[in-house]
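When reading the values below, keep in mind they use all heavy atoms of this one structure, side chains included, and skip hydrogens, waters and symmetry mates. Position 1 is the first residue of the sequence; numbering continues from there.
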Amino acid sequence: MKIGYEIVAFPTVTCRETYDTWTITLNSIVREKSDMKTMTVTACQTSQFRVTLTTVFFSTLMFSVGSCDTSKAEEIIVGPQIKIRVQVRNPEGEPVVGAVVRPSGLRTRAQPTNHSGWAESRHGKLPLVKTDEDGIAEVLCPKFVVEKVETGKITWLVDHEDYIVFREDRSVDDAPAEIVLQSGRRIVIGAVHAKTGVAITENLHASLGDGGFAFKEWNLTSSGMLMSRAVDMNRRMMRVFHVPSDGPVLFSAPIDLEKHGDKSGVLIRNVKLQSGTRIEGMIDKSVPRPVMNGTVVVTVVEGVELEIWEARDSWGDWTKINADGSFVFDSLPRGSVVQMIAVCDGFVSALPTEDEIKNVGFDSKTLQNRSSLVIPQVARLKGDRISPTIRMEQTAICRVRVLDPEGQPLEGASVMMFPNQYWLGRGSQIVGSGSSIRPFLLLKKEMGEQIWDWANWKKLQELGVSSSAGDRYMVKTNTEGIAEVKTVPGGSEDKPRSESVYVQHDRFDQPADGFGGLRRRISVKLIRGKTTEITIKMEKKGTNVLGE
């Protein structure tokens with residue numbers, strides 16, 4: 001283990017009552033074996049302070065931070081962190097002042113192809129740091145991705161309104177991490193109702209290469225024109241849409257920006273918007289009625305055939321399945337291809353056939369090497385209404401028995417599985433995951449750019465923005481140490497499907513697997529309509545630390 005890092009426990013803490021921000025920095029040397037230290041910080045009447053400890057040895061630190069009312073203090077547990085310097089310049093080599101820098105992902109030294117998200121429970125609050133007059137940002141990042149598995153690369157997200165949003169990996173050993181922002185093009189759009197020709201100047205939005213919602217890329221001017229910030233010219237497919245307070249969403253046809261070449265400014269007037277196609281669908285009769293805990297998620301991807309993923313554009317939505325197996329989507333982009341995945345207790349949508357894929361103009365090669373994933377069924381959105389039936393198949397059950405190191409049943413352990421669905425031309429998620437853009441836009445007015453903060457996740461589910469897909473795949477063990485994870489996609493007898501099982505507990509660890517001893521999981525084989533039983537014997541925390 002290296003020593004001499006500046007190890008920082010937690011970069012910034014915001015007081016809820018006053019919204020003042022304090023910075024806490026710990027300069028220390030980290031030893032391999034050490035006791036947890038606890039510090040309680042109560043902030044009163046001060047705008048900023050610095051706490052420096054030169055001889056504290058720790059593996060993790062617990063901070064309880066609050067206002068002067070200590071009854072409202074919150075505890076945050078974080079691991080050791082390192083300070084990374086990031087240098088941001090423009091194409092001319094000049095420093096960019098005021099760019100927002102944040103780490104959006106982590107890669108380990110040992111397994112650099114694996115990508116991990118920022119886990120606030122381990123890594124602390126996600127930092128957002130602006131570059132200074134020299135274009136420098138100093139950002140606190142975790143020394144370890146998990147346990148003692150060292151961070152090797154950071155995926156940086158750098159945002160400045162005059163430049164294209166930057167997202168690439170840089171090594172933690174770079175001193176500093178050099179980032180060059182590129183100038184893009186700006187787009188101005190005016191829209192009209194397709195039937196009446198009346199200008200639409202309110203609640204007008206656009207999506208471009210799947211990035212129009214994450215960053216503040218579009219502004220509606222006082223004249224009712226939609227104006228973008230600087231955007232990457234590789235982002236080719238675009239759609240304009242109107243979200244009224246009542247009635248269906250209005251969509252434009254997909255707009256291909258390739259015909260504008262490398263122009264730095266694009267003006268598109270009188271884009272026609274019309275109501276989309278309504279889906280009144282059904283899941284097939286193989287699922288007993290009443291249907292329980294059912295969800296259908298859909299996506300529409302424009303430019304599936306394009307090799308550069310940033311060039312594609314997408315629209316997403318989800319809805320619940322009624323007890324009789326029916327489901328409705330009020331308005332989806334007319335003329336496009338909708339991809340549909342359904343899941344309910346004991347069943348998931350079956351794989352599409354090659355003919356179904358070809359019939360909508362997609363390449364059947366997209367199905368190759370995807371047998372371990374749930375793949376959407378597809379339909380063309382023709383006319384005012386379509387009524388597709390989604391073919392379903394039984395799922396599997398994984399019955400996990402968890403024992404403590406003495407071989408006794410372990411109650412309260414969290415058993416998790418993460419079966420994936422794969423969207424053609426887009427990416428993968430946990431089965432049943434979906435987001436609805438309409439409530440997102442309405443909620444964004446209230447919550448601003450903080451809408452995707454982890455603390456808001458449950459609220460997003462409650463208000464219909466996100467489905468609660470992952471909940472069904474996280475189960476606590478009972479008094480007998482048993483947890484049944486149900487509705488897990490399975491395979492056939494001759495070709496079972498492989499999934500991984502993860503177990504977590506406050507006092508015990510799941511033994512490491514065979515992937516170089518760097519992951520705590522076990523692989524199981526699952527068959528449709530059957531139950532796979534496994535037993536996992538835990539070990540005392542700290543017995544074997546990943547990365548040591």
Side-chain angles (χ1 to χ4, degrees), residues 88-94 96 99 156-168 178-194 197 199-201 204-221 223-242 250-274 299-316 333-337 360-363 366 423-427 437:
V88 182
R89 300 183 188 276
N90 64 17
E92 290 72 40
E94 301 165 335
V96 176
W156 293 107
L157 192 69
V158 183
D159 185 9
H160 189 286
E161 63 180 6
D162 294 335
Y163 302 95
I164 298 169
V165 174
F166 175 97
R167 189 178 186 273
E168 285 184 19
E178 296 280 355
I179 290 172
V180 178
L181 299 185
Q182 300 296 329
S183 302
R185 68 170 147 212
R186 295 181 183 269
I187 304 166
V188 180
I189 300 168
V192 298
H193 197 290
I200 298 173
T201 59
L204 189 63
H205 306 275
S207 58
L208 173 63
D210 221 18
F213 303 103
F215 320 110
K216 298 172 286 187
E217 292 189 320
W218 297 93
N219 284 316
L220 193 60
T221 67
S223 63
M225 300 290 282
L226 200 60
M227 181 180 294
S228 80
R229 54 168 284 173
V231 294
D232 191 340
M233 291 187 185
N234 283 328
R235 291 167 61 185
R236 171 175 163 182
M237 301 304 298
M238 182 175 72
R239 192 186 298 278
V240 183
F241 52 94
H242 169 61
L250 307 182
F251 298 96
S252 72
I255 299 169
D256 190 344
L257 295 174
E258 186 182 40
K259 65 180 181 181
H260 295 282
D262 58 358
K263 290 181 180 178
S264 59
V266 173
L267 172 62
I268 308 176
R269 296 181 183 274
N270 301 321
V271 175
K272 294 180 180 180
L273 308 187
Q274 63 178 331
T299 192
V300 173
V301 180
E302 302 298 345
V304 170
E305 73 286 354
L306 299 176
E307 292 185 6
I308 302 175
W309 70 267
E310 295 97 331
R312 306 166 190 156
D313 184 60
S314 66
W315 174 273
R334 187 183 296 252
S336 297
V337 175
V360 297
F362 285 3
D363 189 340
T366 56
W423 299 109
L424 305 176
R426 188 177 175 196
I437 292 175

Discussion item. Going by ring-ring contact (aromatic ring centres under 6.0 Å, His included), name the residues that satisfy it together with H160, two or more places apart in sequence or in a different chain.
Written reply: Y163

Worksheet item: Mind checking what makes side chain to side chain donor-acceptor pair (under 3.5 Å) contact with D232, not counting sequence neighbours?
Response: none

Fill in: Residue pair V271 / S252: nearest heavy atoms and the distance that separates them
CG1-CB, 3.6 Å

Worksheet item: Which atom pair, heavy atoms only, marks the closest approach of A99 to V88?
Response: CB-CG1, 4.4 Å

Item to complete: Please state whether the rings of F241 and W315 are parallel, tilted or perpendicular, taking 30° and 60° as the class boundaries.
Response: perpendicular

Worksheet entry | Of D313, L257, D256, V231, the residue whose pairing with M238 passes side chain to side chain contact (heavy atoms under 4.5 Å, CB included) | L257

Item to complete: Under the side chain to side chain donor-acceptor pair (under 3.5 Å) rule, collect the residues that match up with S336, sequence neighbours excluded.
Response: R239, E302

Discussion item. Quick check: do E178 and R89 have side-chain heavy atoms less than 4.5 Å from each other?
Written reply: yes

Item to complete: Check whether any side-chain heavy atom of V304 lies under 4.5 Å from a side-chain heavy atom of V337, and answer yes or no.
Response: no

Fill in: For N234, all residues meeting side chain to side chain donor-acceptor pair (under 3.5 Å), sequence neighbours excluded
none

Discussion item. With rounding to the nearest 0.5 angstrom, report the OG1 to CE distance, T201 to M225.
Written reply: 11.0 Å

Practice prompt. With sequence neighbours excluded, tell me which residues meet side chain to side chain donor-acceptor pair (under 3.5 Å) with E94.
Written response: N90

Discussion item. Among residues at least two apart in sequence or on other chains, which ones pass side-chain contact (heavy atoms from CB on, under 4.5 Å) with A311?
Written reply: R236, L306, I308

Worksheet entry | Set of side-chain contact (heavy atoms from CB on, under 4.5 Å) partners for E305, sequence neighbours left out | none

Worksheet, complete the sentence: Scanning both residues in full, the closest heavy-atom pair of A206 with W218 reads O-NE1, 3.4 Å

Worksheet item: Does any pair with a residue in residues 260-273 pass salt bridge (Lys or Arg N to Asp or Glu O under 4.0 Å), and if so which ones, sequence neighbours excluded?
Response: none

Worksheet entry | Nearest heavy-atom neighbours spanning V301 and G425 | CG1-O, 3.9 Å

Worksheet item: Can any side-chain N or O of R334 pair as donor or acceptor with the backbone N or O of Q274 at less than 3.5 Å?
Response: no

Anything under 3.5 Å between a donor and an acceptor, one on a side chain of residues 180-191, the other on a protein residue two or more places apart or in another chain? List them.
| unit_1 | atom_1 | unit_2 | atom_2 | d |
| --- | --- | --- | --- | --- |
| R185 | NH1 | G261 | O | 2.9 |
| R186 | NH2 | E161 | O | 3.4 |

Fill in: Verdict with reasoning, R235 to E217, per salt bridge (charged side-chain N to carboxylate O under 4.0 Å, His left out)
CA-CA 13 Å; R235 291 167 61 185; E217 292 189 320; 2.8 Å; yes

Worksheet entry | Closest approach of S314 to S207 (non-hydrogen atoms, all atoms of both residues) | O-OG, 4.2 Å

